[in-house]
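Here's the structure we're looking at; comments come further down.
These values consider heavy atoms only, across backbone and side chains, with no hydrogens, waters or symmetry-generated copies. We count residues from 1, following the sequence as given.
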Amino acid sequence: MKIVIYSRPDLTYKISELGKLFDAVVSFGFDYYVNSGFADIIREGLGISIAENRIFQNQNDFPDNAGIFICYGGDGTFLDGVRILDTRTVPVLGINSGRLGFLADIPESHENDIFADIITGKFRTEERMLLEVSGDFGTEVDYPYAFNEFSIQKFGMVMVSVDVYINKELITSYLGDGVILSTPSGSTAYSLSVGGPIVSPNSNCFVLAPISSHNLTMRPLVIPDDSIMEFRVHSRTGNSIVTMDNRDYTIRNGSSFTIKKAEKTVFLAKLENNSFYRTLREKMKWGTDARKFPK
């Protein structure tokens with residue numbers, strides 16, 4: 001089975017865990033490919049040189065018929081991996097070597113169990129939506145999609161005003177630190193931190209959430225995912241910040257953006273006994289109550 005492993009070269013690795021990961025890949029007999037930066041880490045940390053034909057420089061270098069794309073790191077690494085896949089429909093699996101790991105939700109200490117399930121096909125795929133964004137970025141954007149969220153934020157200390165239209169109807173103007181439009185997958189990311197709702201990832205909706213709104217009545221809004229959104233930005237500083245997942249762009253006053261559900265999607269690989277709700281309970285401590293009740 002062909003697998004692709006991606007990791008950021010700027011991460012701090014535990015060499016012992018990295019060794020276990022690579023030993024598991026080799027012992028299960030995978031036909032594997034790794035990105036060039038990660039190959040350097042393996043060579044320096046483990047003393048193992050990977051053949052040149054197993055190293056890819058970009059998304060065009062690894063085989064289209066890979067069975068699974070593994071992101072080793074944290075959620076930022078996972079989001080990078082989604083962009084590298086681009087139009088490929090290879091399922092993505094995140095192995096967490098960082099802290100929380102909500103997207104990269106498989107603990108790195110379970111290498112043998114992970115690869116045993118992969119090689120025997122004991123995983124399912126979940127289809128997730130992307131946002132497609134067009135507008136006044138002021139520069140060329142090579143990947144106009146977001147897996148988690150799109151946001152507009154203030155630049156400096158002065159509030160920003162964002163007029164939001166849904167299907168050409170003005171909904172409201174958000175005055176404050178900015179506004180976030182998230183997918184269901186992104187509802188547990190930035191949107192959650194500003195008071196947005198948790199949304200099951202298979203829901204057909206977007207979440208529109210203000211960031212530090214200067215209005216006591218402003219609340220998050222859930223809207224259908226067939227909506228066409230338009231954001232128009234006004235700032236007295238002349239600049240604002242636009243983000244798509246973990247990428248950011250400085251934009252000028254008066255910029256506008258159109259956001260819709262992308263035609264292409266991303267497929268996540270989910271191992272047995274691993275679900276969205278289990279991850280909520282274990283990683284986010286969702287529903288945890290410190291009080292003790294008799295059984």
Side-chain angles (χ1 to χ4, degrees), residues 79 82-83 86-87 128-156 158-197 199 201 203-266:
L79 294 171
V82 168
R83 291 196 295 276
D86 199 11
T87 59
R128 300 288 182 90
M129 75 165 68
L130 295 170
L131 298 176
E132 182 175 354
V133 185
S134 60
D136 303 322
F137 286 96
T139 185
E140 183 177 353
V141 176
D142 58 355
Y143 188 80
Y145 304 100
F147 181 85
N148 271 346
E149 73 273 313
F150 167 85
S151 78
I152 294 177
Q153 302 175 41
K154 69 178 185 179
F155 186 94
V158 179
M159 290 187 292
V160 64
S161 176
V162 183
D163 300 333
V164 176
Y165 295 78
I166 299 178
N167 299 329
K168 299 184 177 181
E169 178 184 354
L170 176 64
I171 299 303
T172 191
S173 296
Y174 290 87
L175 181 63
D177 285 0
V179 63
I180 301 168
L181 182 70
S182 87
T183 64
S185 298
S187 71
T188 51
Y190 194 5
S191 177
L192 179 67
S193 71
V194 299
V199 179
S203 302
N204 299 319
C205 64
F206 299 141
V207 176
L208 189 62
I211 307 171
S212 300
S213 175
H214 199 252
N215 187 326
L216 292 176
T217 63
M218 194 66 73
R219 292 293 183 267
L221 179 66
V222 179
I223 58 178
D225 66 359
D226 60 357
S227 303
I228 306 296
M229 312 288 299
E230 185 181 0
F231 290 11
R232 299 178 185 175
V233 188
H234 310 282
S235 173
R236 284 182 292 163
T237 64
N239 291 325
S240 300
I241 303 295
V242 161
T243 74
M244 290 192 292
D245 292 337
N246 52 1
R247 296 162 291 155
D248 61 84
Y249 306 86
T250 301
I251 61 168
R252 302 297 298 172
N253 182 42
S255 297
S256 65
F257 298 87
T258 300
I259 307 99
K260 62 182 180 180
K261 179 180 177 181
E263 291 185 6
K264 72 173 187 172
T265 57
V266 174

Student check: side-chain heavy atoms of [X] and [Y] closer than 4.5 Å:
| X | Y | value |
| --- | --- | --- |
| R232 | Y165 | yes |
| I152 | Y174 | no |
| M218 | V179 | no |
| D86 | K264 | yes |
| F231 | L208 | yes |
| R252 | D136 | no |
| H234 | V162 | no |
| E149 | D245 | yes |

Parallel, tilted or perpendicular, as decided by the 30° and 60° cut-offs, for the rings of F137 and F257: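 Perpendicular, since the angle between the ring planes exceeds 60°.
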Rounded at 0.5 Å granularity, tell me how far [atom1] in [X] sits from [atom2] in [Y].
| X | Y | atom1 | atom2 | answer |
| --- | --- | --- | --- | --- |
| T172 | L221 | OG1 | CG | 10.0 Å |
| S134 | K260 | OG | NZ | 7.0 Å |
| D225 | L131 | CG | CG | 10.0 Å |
| L130 | E263 | CG | CD | 12.0 Å |
| I180 | S193 | CD1 | OG | 6.0 Å |

Within 6.0 angstrom of R236 CZ, more than 12 heavy atoms from elsewhere: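 No, CZ of R236 has 12 or fewer neighbouring heavy atoms, counting only those of other groups under 6.0 Å.
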Exceeds 12 heavy-atom contacts within 6.0 angstrom, atom OH of Y249: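 For Y249, atom OH is crowded (more than 12 foreign heavy atoms under 6.0 Å).
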On a heavy-atom basis, which atom in [X] and which in [Y] lie closest, and how many Å separate them?
| X | Y | answer |
| --- | --- | --- |
| V194 | A209 | CG2-CB, 3.9 Å |
| M129 | S203 | CE-O, 4.0 Å |
| F206 | P224 | CD1-O, 3.9 Å |
| Y145 | E132 | CE2-CG, 3.7 Å |
| N167 | D226 | OD1-O, 4.4 Å |
| C205 | V199 | SG-CG1, 3.6 Å |

Donor-acceptor contact present, side-chain N253 to main-chain S235, <3.5 Å: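 Confirmed, N253 side chain pairs with S235 backbone.
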Face-on cation placement of R128 at F147 ring, 6.0 Å and 45° thresholds: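 The answer is no, since R128 fails at least one limit relative to F147.
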Taking atom types as modelled, is there a side-chain donor on [X] or [Y] under 3.5 Å from an acceptor on the other?
| X | Y | result |
| --- | --- | --- |
| N239 | T237 | no |
| T243 | S151 | yes |
| D163 | S173 | yes |

Worked verdict on M229 versus V164 for side-chain contact (heavy atoms from CB on, under 4.5 Å): CA-CA 7 Å; M229 312 288 299; V164 176; 3.8 Å; yes
Y190 and I211: CA distance, side-chain angles, deciding distance, side-chain contact (heavy atoms from CB on, under 4.5 Å) verdict: CA-CA 10 Å; Y190 194 5; I211 307 171; 3.6 Å; yes
CA sep, side-chain torsions, deciding dist, call: I166, I228, side-chain contact (heavy atoms from CB on, under 4.5 Å): CA-CA 6 Å; I166 299 178; I228 306 296; over 6 Å; no
Derivation and outcome, side-chain contact (heavy atoms from CB on, under 4.5 Å), residues K154 and M159: CA-CA 6 Å; K154 69 178 185 179; M159 290 187 292; 5.6 Å; no
